[in-house]
Amino acid sequence: MIVLESFKVALRALQANLLRSFLTMLGVIVGVASVVSMVAFAAGAQRQISEQIKTLGANVLMIEPPRNSRGAGQTGRGAVSRLTEEDAEAIAANIAQIALTAPALRGNVLAVHKNRNTWTTVNGTTSSYFAIREWPLKHGRYFSQQEQSGAGKVAVLGQLTAEQLFGDTDPIGQVIRVLSVPFEVIGVLSEKGTSGWGRAQDQVVFVPIRTAKQRLIGSSNAVHRNSVEYILAKAVSSSAVPVAEKRMTALLRQRHRIGSGAASDFLVSDPASMMAAENAVKRALGWLLSGIASVSLIVGGIGIMNIMLVSVTERTREIGLRIAIGASPGHVQLQFLMEAVLLCVFGGAIGLAIGASAAVLVGQLAGWPVFLSPLSVIGGVAVSAVVGLIFGYFPARKASKMDPVAALKFE
């Protein structure tokens, strides 16, 4: 009952000076709006990276040529590759921590079906690639062993490529042409989305690796006919990844006859770890920006404390009268504390609406990922209330400690 009465009195006091109340809330409004928008952008970036990590598949390692290696016999990524299909087989056979390997090479090509065409990535690989990437089919099937060993002219399409070439028509059993070579479509993959490096993963055509070498990409892009652009490997568990990485490095250096003092002609990387590190950086940056934005909350809290002190001075006689007719110091303190909290909560609610709207608008215009969690919404209002309690305590305590006789005589 006392709390409800204090709420009503505090509300009336704020309504009596609407303009001053609004100006007092501005600091809190700006602070909450800034924090909410920064948290929304940081959370959106983190969720996007987390989703992209999932699309890579679990415990995946990539072996590729060093990025600064250039010269004759370049692969599609601009680096000389000495990796071979035999390297992939040796890794799978000799390293217990590796469950599967898939050699691959790729290039950009024009795929055609009747009067439709699209530029896409052709990826020559084995059916193990799909198991490593955990990439299920939407329709159809993967390559058979006979199609892989016999350089079969079959293709598995990414979902985007299938839509661009066939629209709503079922592509299974249809024929597409890649560099004038006919391929029967035997499967369509489920959607993967964009990778962490901006690559449209569904804009792709998969063919058996020997078919790609003999009919599409050929051996002109490699050091010799068994060269591949990169090798994907899947570790048996997340804990096995570091050991597998070390053992693959040792095995490949031995196979490539690289001396102890020479640099490796390949690079073993963990794409998921790289993206997780990027996620950690973005999360830290988000918290840093939120911390900077929260300075506005402190400034707003100081402004509220200042106005509340002014209000206590202006209402000295009222305070003395309340105490004289029986109000306890606790009741007086509660009333002024309630006013400070209401100022901050109202300011926080307005700031929350502004910050959320700004985040969504900027996200749509700039194409940035945004995520507003219920926790951030509740937290924004809760932080505002805490600011009111902290910065309203001193003025409220000052009011409760007044001597009623001196207060009644105040001019």
| task | Could you walk me through whether Phe183 and Val175 pass side-chain contact (heavy atoms from CB on, under 4.5 Å), step by step? | result | CA-CA 5 Å; Phe183 285 86; Val175 174; 6.0 Å; no
| request: Begin from the C-alpha positions of Glu184 and Gln174 and carry the test side chain to side chain donor-acceptor pair (under 3.5 Å) through to its verdict. | output: CA-CA 6 Å; Glu184 179 188 354; Gln174 300 290 326; over 6 Å; no
| said: Gln203 vs Thr118, test: side chain to side chain donor-acceptor pair (under 3.5 Å). Steps then yes/no. | reply: CA-CA 9 Å; Gln203 185 79 24; Thr118 182; 3.0 Å; yes
| message | salt bridge (charged side-chain N to carboxylate O under 4.0 Å, His left out), that's the test. Do Glu163 and Arg116 meet it? Break it down for me. | response | CA-CA 10 Å; Glu163 291 174 357; Arg116 295 191 178 195; over 6 Å; no
| Does the pair Thr120 and Asn108 meet the rule for a side-chain contact (heavy atoms from CB on, under 4.5 Å), with working shown? | CA-CA 6 Å; Thr120 186; Asn108 294 322; over 6 Å; no
| task | Please test Val228 against Ile209 for side-chain contact (heavy atoms from CB on, under 4.5 Å), starting from the C-alpha separation and ending with a verdict. | result | CA-CA 9 Å; Val228 296; Ile209 189 168; 3.7 Å; yes
| query | What do the steps show when you test Met308 against Phe394 for side-chain contact (heavy atoms from CB on, under 4.5 Å), and what is the final call? | reply | CA-CA 9 Å; Met308 290 304 300; Phe394 178 71; over 6 Å; no
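With respect to the salt-bridge test (charged N to carboxylate O, under 4.0 angstrom), the residues Arg315 and Glu339 qualify. In summary, Arg82 and Asp265 engage in a salt bridge, as defined by a charged side-chain N under 4.0 Å from a carboxylate O.
Under the 3.5 Å distance criterion, the side-chain polar atoms of Thr101 are left unmatched by any main-chain donor or acceptor of Ala233. The main-chain N or O of Ile302 is never found under 3.5 Å from a side-chain atom of Asn306 such that the two would form a donor-acceptor pair. One N or O on the side chain of Thr24 and one on the backbone of Arg20 form a donor-acceptor pair closer than 3.5 Å. A side-chain donor-acceptor contact under 3.5 Å links Gln148 to the backbone of Ser127. Judged by distance alone, with hydrogens and angles left aside, the side-chain atoms of Thr211 form a donor-acceptor pair with the main-chain N or O of Ala151 at under 3.5 Å. Looking only at distances, a side-chain donor or acceptor of Glu147 sits under 3.5 Å from a matching main-chain atom of Ser144. Remark: the backbone N or O of Leu61 is not paired with any side-chain donor or acceptor of Asp270 at under 3.5 angstrom. The backbone N or O of Arg106 sits less than 3.5 Å from a side-chain atom of Glu229, completing a donor-acceptor pair. Proximity of a side-chain donor or acceptor of Asp87 to a complementary backbone N or O of Thr84 within less than 3.5 Å is detected. No donor-acceptor pair under 3.5 Å is formed between the side chain of Ser128 and the backbone N or O of Ala102.
When side chains are defined from C-beta on, Pro208 counts as touching Phe143, because their heavy atoms get closer than 4.5 Å. Contact check for Val188 versus Phe166: no side-chain heavy atoms found under the 4.5 Å cut-off. You'll find the side chain of Ile63 stays beyond 4.5 Å of the side chain of Leu267, heavy atoms only. Val35 places none of its side-chain heavy atoms less than 4.5 Å from the side chain of Met38. With a 4.5 Å cut-off on side-chain heavy atoms, His331 and Arg322 do not count as touching. Arg177 has its side chain out of reach of Val181: every pair of non-hydrogen atoms, C-beta onward, lies at least 4.5 Å apart. Annotation: side chain of Pro395 is in contact with side chain of Met305 (closest heavy-atom distance under 4.5 Å). You'll find the side chain of Ile176 reaches within 4.5 Å of the side chain of Val185, heavy atoms only.
For Ala131 against Leu100, the heavy-atom pair with the smallest separation is CB-CD1, 3.7 Å. Contact between Val28 and Gly347 at its shortest, heavy atoms only, is CG1-C, 4.0 Å. Shortest non-hydrogen contact noted between Val205 and Ala155 is CG1-CB, 3.9 Å. When all heavy atoms are compared, the tightest approach of Ile319 to Val312 is CD1-O, 3.9 Å. Nearest heavy-atom pair, Asn94 versus Leu251, reported as atom, atom and distance to 0.1 Å: CB-CD2, 4.3 Å. The shortest non-hydrogen separation linking Ala385 to Val341 is O-CG2, 4.2 Å.
In this structure, OG in Ser264 is found 5.0 Å from CD1 in Ile258, a value given to the nearest 0.5 Å. Interatomic distance, Ser400 OG to Phe336 CZ, rounded to the nearest 0.5 Å: 10.0 Å. To the nearest 0.5 angstrom, Phe391 atom CZ is 8.5 Å from Cys344 atom SG. Here the CG atom belonging to Asp202 is positioned 10.0 Å from the CD atom belonging to Gln164, to the nearest 0.5 angstrom. From Ile350, atom CD1 reaches atom CD1 of Ile29 across 4.0 Å, with rounding to the nearest 0.5 Å. A distance of 7.5 Å separates OG of Ser311 from CG of Asn17, quoted to the nearest 0.5 Å.
Environment of CZ in Phe22: sparse, with no more than 12 heavy atoms of neighbouring residues, nucleotides or ligands closer than 6.0 Å. Environment of CD in Gln146: sparse, with no more than 12 heavy atoms of neighbouring residues, nucleotides or ligands closer than 6.0 Å.
Note: Phe206 and Trp135 meet the aromatic proximity criterion, with ring centroids under 6.0 Å apart.
With respect to Gln201, the side-chain hydrogen bond (donor to acceptor under 3.5 Å, both in side chains) criterion is satisfied by exactly one of Arg133, Glu191, Gln159: Arg133.
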